[in-house]
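Encoded as structure tokens, the structure appears first; notes follow it.
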Amino acid sequence: MTTVVFTEKNKAAAQISNILAGGSARRTIVDGVPVYEFQRNGVPWKVMGLAGHIMGYDYPEEFSNWRDVDPAMLLDTEPIKKVTKTQFGSAILKLSKDADLLVLACDFDREGENIGFEAKSIAEKVSGSTVKRARFSSLSKSEIDKAFTDLVEPDENMAMSAEARQILDLKMGAAFTRFVTLSVRERARTKGVLSIGPCQTPTCGFVYERELAIRKFDPKDFWKIEGIFNGKGTDFTGAHRGGHIYEKEKADAIFSKLKNCRTAVVSKKTVKEMKTNPPFPLNTNEFLKRSSKYLGVSPEQALEIAEQLYLSGFTSYPRTETNKYADDMDFKKILKGFTRGDYQDFAMLLLSQDKITPRNGKKDGHDHPPIHPIKAGSRAEVEKAVKMPRAWDVYDLIVRHFIANLLPEAIFEKTRFEITAEGELFDSTGSVQKSAGWLAVYPFEKPQDKLLPLLEEKDVIDVKKINNIKSQTTPPKRLTEAELLTLMDKHGIGTKATAPSHIETNKKRGYFETKGKTIAIMDTGFTLMDALNSSVPILVKPDIRSRIESLIQEVEDGTKKFPLALEEGTTLIKEMYSHLLKNRELMVSQIAGTITDEAVAADKKNHVGTCPECGRMLRMVITDKGRFVGCTGYPQCKNTYPLPKAGALAVQRSRKCKKDGIAVIKVGNKYFWSVGIGPCFSCEKEKECFPPEVIGPCPSCDGQMFLIATKDSRFLGCTKRCGHTQSVPKKGRLTVTDKVCEGCGWHFIRVKEQGKDAKEYCANRKCEAAAAARKDAIRKARTRE
DNA sequence: GCAAGGTC
């Protein structure tokens, strides 16, 4: 009389056993798998945790060679399901042999039902006993007790719907991936596989669509009228109510009406108190988005860190849809851990309250609570337990978010002036933080105060200047990872646990890459999406996932039989396949062309110059074993030159060695290396080849200022060593441009920080024109808010 | 060597 229970994972097995056994479950190991044993109602119980899916679909052996099988065959072949985690398979057999009742107790969702059925299908080989289902949405005692008292029938429709998804995903993925990869390989050597899938392809599709919008963008000129006013001795700006004016004549007319105007009137004043609510508790999606946005940590990495933090007991389970806390959540218990250290002020404040009220969201996946800290840890403790870069930052974000959610709202006082000048209306807004509330613990979102003078209605103010500013509409920005995750979530691409992996797949395939926080499509990805878009547009859009989704939903609802859904799904895939087949030539030529171009470009990057021995091309040869410069004429020409062992190598196209005429290579960010000679710093011609980068006249003597870069700093110094120095931005790539400042004769510098727009300006701190421009930029930044 | 979904 034994009852055997299967849960989705070991952790759930342990917890459920403790609840059902009243705290006295015995842990044993069967074929390496933990099993919890206890007595309940006089009957022996055994509970085993699975590890998610323990079975998986694949094609039969004879279909595994890509070259032997027409990919289209895969659409008419049924994949077979096999046990992929054999130790679980044998443990299930051992346990089920003498069971009288089998209970499936996996998560209450589609995949959970399916995982339970995997165990059931294995158990039924050796056991004919009854199979029941325990349904629960959380691992609380009351729910578990109830679920195991009121056992229900397993839901075959639900399990089969997941089965249909698995088969259709594999059929489509395998057939399309093989077809595209093999077709393109006829014309170009591909580095790896060109994969296609119902989640990864639409994910890339979002990035592609954005790229299209950027490329198609046609900038339009517009004008805006800005007033610079002075009231009570304080300058402030106002924007003309006309906003963006697209006709020059219209802007000019307003401007000429106003340009000689010297006074204006505050025609209306409103003061409003604005409240900003704390954020909702963190579910996985929100956590990943904020990690990316605030910390620049990729979703994949953030999830991995959260997983480690969870395993080390610092934070709760990281995969959850829920953004509201259960009513019995014990906030005080957690906060007590934080009464020392970085967060103590906030923890003490909250603990002094009778009641702590979170600002709850509305999503309840009935799975796990929102991500929150479990125990307090110092930076040293967290970094010791989780040996991953940024682990502390992620933990800090989770703790701060947790506390912020419990704190009161932030309060701002927002003032708005309507200003009338010559009958034209301007608006000025300012806001002042009255009470920081949750923002005090949440430095990731810092709103800036914008100050306005204390004016009242009917006050007359000075008009210092009216500007007619020409501007241009800007193209859409590249997607950030956070925005991509939002799009995926909105269109049901992937699940909370798999979304980052689809992004990762696209990166691995060379379809897109991250540049700072934004995602940039790569040539291969763009051409592939372009080709797919012109032959099978639904593949590039989220439609493909939703078509399959609605099919399997019908299976789950019982309105469509599993075999029919499979057939219809296969027909859909076949249809797409035939479209792709029809456009094969065009697709292949496009993609092969791009791949060849990329290869040529990569090869060109390695070209160093002409071989003095034989006249052919010299190139850098970089292998796992080492690197050197060799001749393309090898093996006839055996000419080689050494290269430095460490540092990234970049051939300097604009430079040739003055000694031997062969190329100069930049090593890392550190020094230059002449092929055939060695490091330039040990060469007597160094000064001649690398004259100091002069930026302009020294403001304190008749010398010239030039850029001095050392290993850990950079600044401007004087060629006459008069002692005058000036600072330059520490961050970003810095170049001296040809443009010369009219004010002081210095060359403009160009600073390009990763993920930001390049800035060009005069860096001279002693230049009046530059000072005015800086002031103007600050003012503009303020008024833009 | 193909997918996506669980979990470790």
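Fair warning: this is a prediction, and the values are worked out from it, not measured in the lab. Just so it is clear: chains get the letters A, B, ... in the order the sequence lines come, proteins before strands, and each one is counted from 1.
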Counting only heavy atoms from other residues, nucleotides and ligands, does the tally under 6.0 Å from NZ of A/Lys490 exceed 12?
no
Kindly confirm or rule out a cation-pi arrangement of A/Lys9 over A/Tyr317, judged by NZ or CZ under 6.0 Å from the six-membered ring centre and within 45° of its axis?
yes
Taken to the nearest 0.5 Å, the spacing of A/Met587 CE from A/Leu528 CG works out to 8.0 Å
Ring centers of A/Phe136, A/Phe108 separated by less than 6.0 Å
no
For nucleotides 2-8 of chain B, give me one character per nucleotide, 5' to 3': B if any protein heavy atom sits under 4.0 Å from the base, S if the only such contacts are to the sugar-phosphate, - if neither.
BBBBBSB
Who passes ring-ring contact (aromatic ring centres under 6.0 Å, His included) against A/Phe176, sequence neighbours left out?
A/Tyr577
Within a radius of less than 6.0 Å around CD of A/Glu61, do more than 12 heavy atoms belonging to other residues, nucleotides or ligands occur?
no
Among residues 563-581 of chain A, which residues get a heavy atom nearer than 4.0 Å to DNA chain B?
none
Inspect the surroundings of NZ in A/Lys541 and state if more than 12 heavy atoms from other residues, nucleotides or ligands are less than 6.0 Å away.
yes
